[in-house]
Amino acid sequence: MAASPAYGEEKGGSSSLGEPEYGHDPASGGIFASDYKRHDDLKEMLDSNKDSLKLEAMKRIVAMIAWGKNASDLFPAVVKNVACKNIEVKKLVYVYLVRYAEEQQDLALLSISTFQRGLKDPNQLIRASALRVLSSIRVPIIVPIMMLAIKEAASDMSPYVRKTAAHAIPKLYSLDSDQKDQLIEVIEKLLADKTTLVAGSVVMAFEEVCPERIDLIHKNYRKLCNLLIDVEEWGQVVIINMLTRYARTQFLSPNQNESLLEESAEKAFYGSEEEDTKDAKAEAASLAKRKPYVMDPDHRLLLRNTKPLLQSRNAAVVMAVAQLYFHLAPKAEVGVIAKALVRLLRSHSEVQYVVLQNVATMSIKRRGMFEPYLKSFYIRSTDPTQIKILKLEVLTNLANETNISTILREFQTYIRSMDKDFVAATIQAIGRCATNIGKVRDTCLNGLVQLLSNRDELVVAESVVVIKKLLQMQPAQHSEIIKHMAKLTDNIQVPMARASILWLIGEYCEHVPKIAPDVLRKMAKSFTNEEDIVKLQVINLAAKLYLTNSKQSKLLTQYVLNLAKYDQNYDIRDRARFIRQLIVPTEKSGALNKYAKKLFLAQKPAPILESSFKDRDHFQLGSLSHLLNAKAVGYQELPDWPDEAPDPSVRNVEVPEWTKCTSREKRKDKVEKPFYSDSEGESGPTESADSEPESDSEESGSSSSSGTSSSSSEEQSEDKEGEEEEEEKRKKKKEKGGPRKASPRSVGSEEEEEAEGKKVKKAAGPQGKKGHAETSSEEASASESSSSGSDSGTEAPTVVEAKRRKVIPSSKAGPKEISLLDLDDFTPPPPQPVPSSSIISTSLVTDLEGLTLTDTSLAPALLSPAFGAVRTYELLHRMAGEGLSVEYCFSRRPFPGDPHMVAVQIQISNNTDAEVKSLRVSEPKLLAGMRIQEFPEIESLAPGDTASVVMGIDFCDSTQAANFQLCTHTRHFYVSIQPPVGELMAPVFMSENEFRKEQGKLTGMSEITEKLTLPEKCRSDHAIVQQVTSAANVGRVPCGADNEYRFAAKTVTSGSLVLITLEWREGAAAQLTVNSEKMVIGTMLVKDIIQALAQ
Amino acid sequence: MIHSLFLINASGDIFLEKHWKSVVSRSVCDYFFEAQERASEAENVPPVISTPHHYLLSVYRHKIFFVAVIQTEVPPLFVIEFLHRVVDTFQDYFGVCSEVMIKDNVVVVYEVLEEMLDNGFPLATESNILKELIKPPTILRTVVNTITGSTNVGDQLPTGQLSVVPWRRTGVKYTNNEAYFDVIEEIDAIIDKSGSTITAEIQGVIDACVKLTGMPDLTLSFMNPRLLDDVSFHPCVRFKRWESERILSFIPPDGNFRLLSYHVSAQNLVAIPVYVKHNINFRDSSSLGRFEITVGPKQTMGKTVEGVMVTSQMPKGVLNMSLTPSQGTHIFDPVTKLLTWDVGKINPQKLPSLKGSMNLQAGTSKPDENPTINLQFKIQQLAISGLKVNRLDMYGEKYKPFKGIKYMTKAGKFQVRT
């Protein structure tokens, strides 16, 4: 047995002590005598006064315990040694004591005094270990002693002892739950502790003893949030889970508005039209009701402080944060967890198993979150089956119209796997994809039909079952398949599959009128040998045929029913009797007979193939209950969001330093509120409803940058945040102070750009001439090219535009403003006060400074964007948008509020003859890290009107499209914005030397060189500059050499430098060099520029 | 939280049990054995099993099942992660974690487990601290112990648990101060039948072996930190510093540890260093099949590909294979149908190949699936993503440490579909 090696060691030990004969006894043989004797020898050793003998004895005893053998009869001999001087012996005695004290309570009491002495020791470690052992001895008589010890230790000077006290609390509670009240007092005291050492342990105690006493957390909430990052990892898990529950009771749902939309969107997708309009009404009503949502700063604090923990190496911590975000974060922010969860898939298979279960649940609710990581869920042949099946589940959940073809191609590989369980699951998955995505239903069906000729019976059987479900959706078109399947009855033996085929033939017997009776004939022949489930379906088939085609099948039916009547299984006998009464008219059979046909051949709704993970999210994610899909003992229900937020002031703490600022800020907040409402009265309800979330997200933006300060410097960041908020308010105040001065202008300028592009081309020419020196080259080329095509017509006005933004535009308010006045209701989120382009660019520089690679001596200043050609792209065509047409262009201005975002100007025109209401963006589906700053909702757009808004998108320096929905009050349009690579950057200014220096750093892999030939018309200086700047948002760098052009830019998100050099050699030959750390961007940029130059 | 732990070997014997609360009878493991029987392979045993009164959470490593018994709701990953930490600790202590090793050191194991959990809640899981509490056995110490009769229990009171840097033990002293960092990148890829890449990612880790005296404060910076897309850190790394400056700043634990693991963003194209040409044919009517594979270097940045190992799970219908390799050795196990070919180094002038025929079971039809080929390889002195460490600086101590950085690229889950 496996015992022998361990035993061998023991033996070795004992042989040195000269008692080998006992050591030879195996555990099982000759038990009584030798066991008794051997223990005798151990007792002797324990009684000796040599430490080494005692130690040897204790080691053997502990080995016995570990091995699972009973050593309880040694208790008296061991307990004597509790006061042994030798620390090693003592430790082992403790181990023994903890294991057996429960069984030998009276004797265990002998040791108590030793521990009580230990509790008073000057050394904190001895105090702690004494408390630890004392509390681990499960002897009810000493409960009062334990209680006393815990209370004392809870106010010990040493945090380590206090931690031990926290650990002791649940031990005592499990021993005697009557002590609860007293223990809660201790917990309350320890919760107030400010050390990280204690925090995790006390929250653990809280969770075990009094998870319902949420009121104890209020005062400690902010402290826990701030300490969180420094708590040890296990404590973090417990605290995060507890705070998730807490937040659910104390804050308002950040998605309350979205959740309404989401629901209706879902219904609109599946439901009938009737429902749709009803929903729309309900939604409109609820929208009207909704109140502006402002996230509680404490809620934000929690989200902010947990986010870095996604980077933890501990999978449990990552999962805890992920579930916190899933349950608490606003929808737009949940995406950040996807990357971390996908990372966990690299871990051990058990971790994968748990993570995939959770991902499966999340992917149903938030499909977009994991879509970018689709390929990470691809299955390898070496994965264990249970992992394969879970990955399959996730893949199926992620399938949508765009990626279904890739997924199906993957599935094709899986079907040929050797692992048959997995193949069966794949077939099920294909079925689910086919039901969910109508586009591929036929493809899937064809594929499955092909599988019917597979050699493996399990595969065929599974396909039959799935095909049956699919056919139910559109039986008429598939009588061929049904015929094919009818033939299979001869070969397939798997009962479930046979039953499915029979049901199918019965259900659609009109489609196969010739074959059905024949099948029945065959089945009647083999009826007695069939499985029960098949027999039931034979009876069903018989009944249905009897009703539709009684001439041919009457006798057969009677025969089958007679066979069934004497079947062994009573279900079948019952069914036969029931059916006979129903279909065969006799004088006794009542009215039901008439309806038999209706009963049997009623339209049956097609089955909905659903994920087994649907609705699992009512369990807290990451919990055991979620995994088992059943409530585990001690599971704390995740409460629903409250309708009204409870008083947030309960979390205010009187004096403590770390929260002072927050509370001050809060008070300020409250004071300022009337200010908001005042202005609301002025500017109408729409604006306030939208501007508030705006400021909130502003705050979140700032938090992500200021959140980097350590918890000790939290104060500072809080301050900053306050400031920013204030600034925000100031801005607003300014705006409101001159309601018709400031804001219309900024809107106006944007409006005009479009309007001018269309109508006022003539104005472009003369105005273009008044240009700045700086932009003169672009301008000249712009005016030049404006003649070449209507497409470039928009360029010139933009240049004008740019200028107007620099020179304070007062002269050019112009005639257009009148027509625009009615549009300024939907002012975009304060699109930077007018003369600001320089201000913003400096603030950009400061923002980006932390991110640059370059040394400080360099500090390249970001140029205000050079306005080259602006190309517009179509977002939603008039036809597709049912009269609503939307275009967008990259305005190349810094996006106000967030320098990492690319500003996208969107022009929406309403070509319908009805008013379009509540235009807004929803459900962005973004790759991880991408963010969207939505434009404020447009309340209404009159027929024929055009509105222009700006939204910001952080593309994360990738050219992946940002997908989102454009919603009106009736419809949702799926749209996507894909940035050309040249728009992902902003120009920077640098000197020639700086350029060279930077270029020197970016050689090797970061350098891409390409040769090209310049076409005739591109051989002038400004043509080249013009083309390059139109292809990419870059700034020109002065260059000494002739025939060499240099441009520099920085990517918007990461601020990596992009350096472009174009060397014009003789004739048409030229060489283009792009240096960038982002190789992908570099490669694409080269392509784009070459293309632009070739045109 | 965690009630008890049972260690079960491959043959289903419980060879160690440890209880942190009241004793749970080992009969609870019967449920586990049942599940084990149902799952054909050890890795298919569900990690979470629900029984009427308990929940069994298990991990399977080194051919040992570590089964934790819990009674109430607890995040399953919490337990699983902890169990893995236990295995890692054993490995750290004894070099290998095997049944024999655990049985030989049963007292140490028991003591370590006692320290790791208190009342089922993790107490000390940092191996630096544990090693202070309980000294790991070394040959020398075992000899000394048998003579003097002392154990491995540390005789000083450990202070690590009290310090602000709980991962580092105090009073570290070395005569040679050295810090080694290994940047190891693994390529996970699935390659299509036609040789095109279906998915490829680079996952990297930086493992460190730091033997420095005192309390050194290290900073490590990269030439191109933006390559790192998703990182996870050892708790010693200062997160804020990374966020703001992309510099790793940390007080290292003593000894071996994993400083960080990272993922290289999917946007960067992954260079696939090897290719496999394959021609595997099962003919329908005949009982012979053709098998031919060739491995060659692709984008290796001028480095040699070493330690190449090809494994492939052949379909059940294959009875035997007669193959000749142009280099290296190959084994086909007719029971498990696993083909292993130890190739060694790839010489670009003479590409290694393995050719021959397969004997198929007569009478049965040909298998539907061609086997997938799993590849192992190593490339020294290269981090395939291009990640480069810029510099390593030490603050807080006066001596000059010896620093070393090594790069390596390995195959992770590298699969070629055929």
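We name chains A, B, ... by the order of the sequence lines, and we start the count at 1 in each one. This structure is a prediction, so every number in the text was calculated from the model and none was measured.
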State, with a plain yes or no, whether a side-chain heavy atom of A/Ser174 is found less than 4.5 Å away from one of B/Lys21.
no
Run the salt-bridge test on B/Arg85 and A/Glu233 with the 4.0 Å N-O cut-off and return the result as yes or no.
yes
Among A/Met319, A/Glu232, A/Glu410, A/Gln636, which residue has the highest count of heavy-atom pairs closer than 4.5 Å to chain B?
A/Glu410
Report which part of B/Val79 has an atom under 4.5 Å of a heavy atom belonging to chain A: side chain, backbone, both, or neither.
neither
Quick one, B/Leu77 with A/Asn314, criterion side chain to side chain contact (heavy atoms under 4.5 Å, CB included). Give me CA distance, side-chain angles, the key distance, then yes/no.
CA-CA 9 Å; B/Leu77 268 187; A/Asn314 187 323; over 6 Å; no
Keeping B/Asn44 on the side-chain end and A/Pro384 on the backbone end, is there a donor-acceptor pair under 3.5 Å?
no
Separation of B/Asp229 CG from A/Lys339 NZ (nearest 0.5 Å):
4.0 Å
Do the side chains of A/Val351 and B/His84 get nearer than 4.5 Å, heavy atoms only?
yes
Begin from the C-alpha positions of A/Arg313 and B/Phe233 and carry the test side chain to side chain contact (heavy atoms under 4.5 Å, CB included) through to its verdict.
CA-CA 6 Å; A/Arg313 63 165 172 174; B/Phe233 302 114; over 6 Å; no
Of the backbone (N, CA, C, O) and the side chain (C-beta and beyond), which part of B/Ile80 lies under 4.5 Å from a heavy atom of chain A, both, or neither?
side chain
Run the side-chain contact (heavy atoms from CB on, under 4.5 Å) test against B/Ser4 and tell me which residues pass, sequence neighbours left out.
B/Phe6, B/His19, B/Val24, B/Val69
Backbone of A/Gly68 reached by a side-chain donor or acceptor of B/Glu17 within 3.5 Å:
no
Heavy-atom side-chain proximity of A/His348 to B/Val59 below 4.5 angstrom:
no
Part of B/Ala189 within contact of chain A (heavy atom distance under 4.5 Å):
backbone
With a 4.5 angstrom heavy-atom cut-off, which part of B/Arg61 approaches chain A: side chain, backbone, both or neither?
side chain
Can A/Glu350 and B/Ser58 be counted as having a side-chain donor-acceptor contact under 3.5 angstrom?
no
Tell me yes or no: between the side chains of B/Gln415 and A/Thr382, is some donor less than 3.5 Å from an acceptor?
yes
Worked check of salt bridge (charged side-chain N to carboxylate O under 4.0 Å, His left out) between B/Glu201 and A/Arg346
CA-CA 11 Å; B/Glu201 314 179 298; A/Arg346 278 276 300 174; over 6 Å; no
Please walk me through it: do B/Phe239 and A/Leu309 pass side chain to side chain contact (heavy atoms under 4.5 Å, CB included)?
CA-CA 9 Å; B/Phe239 184 74; A/Leu309 295 178; over 6 Å; no
Less than 4.5 Å apart, any side-chain heavy atom of B/Arg417 and any of A/Ser381?
no
Residues A/Arg343 and B/Asp230 bridged, charged N to O under 4.0 Å
yes
Which atoms of B/Ile102 come close to chain A, meaning under 4.5 Å heavy atom to heavy atom: side chain ones, backbone ones, both, or neither?
neither
Who wins among B/Leu7, B/Leu113, B/Val45 for the most heavy-atom pairs under 4.5 Å with chain A?
B/Val45
Please classify the contact of B/Trp20 with chain A as side chain, backbone, both or neither, using a heavy-atom distance under 4.5 Å.
backbone
B/Ser22 side chain near A/Glu102 side chain, heavy-atom distance below 4.5 Å:
yes
Any side-chain heavy atom of B/Val106 sitting closer than 4.5 Å to one from A/Lys59?
no
Give a yes or no on whether a salt bridge exists between A/Lys91 and B/Glu111, defined as a side-chain N under 4.0 angstrom from a carboxylate O.
no
A/Arg99/B/Glu114 ion pair, N-O < 4.0 Å:
no
Less than 4.5 Å apart, any side-chain heavy atom of A/Asn241 and any of B/Pro75?
yes
Results of side-chain contact (heavy atoms from CB on, under 4.5 Å) for B/Pro122 - residues two or more places apart only:
A/Trp234, B/Phe78, B/Phe82, B/Leu117, B/Thr125
Toward chain B, the part of A/Tyr353 with a non-hydrogen atom under 4.5 Å:
side chain
Using non-hydrogen atoms only, which part of A/Ala340 is less than 4.5 Å away from chain B: side chain, backbone, both, or neither?
backbone
Mind checking whether B/Ile190 and A/Ile379 have side chains closer than 4.5 Å, heavy atoms only?
no
So what's closer than 4.5 Å to chain A heavy atoms on B/Glu41: side chain, backbone, both or neither?
neither
Is chain A contacted by the side chain of B/Lys413, its backbone, both, or neither, given a heavy-atom distance below 4.5 Å?
both
Reported CD-to-CG distance for the pair A/Glu1077 and B/Asn224, which is rounded to 0.5 angstrom
6.5 Å
Quick one: CZ on A/Arg132 to CG on B/Asn119, what's the gap to the nearest 0.5 Å?
9.5 Å
Which of these passes side-chain contact (heavy atoms from CB on, under 4.5 Å) with B/Glu73: A/Val633, A/Leu628, A/Leu624?
A/Leu624
Checking A/Ser376 against B/Asp188 for the side chain to side chain contact (heavy atoms under 4.5 Å, CB included) test, could you report, in this order, the C-alpha distance in whole Å, the side-chain angles of both residues, the deciding distance, and whether it holds?
CA-CA 10 Å; A/Ser376 305; B/Asp188 286 358; over 6 Å; no
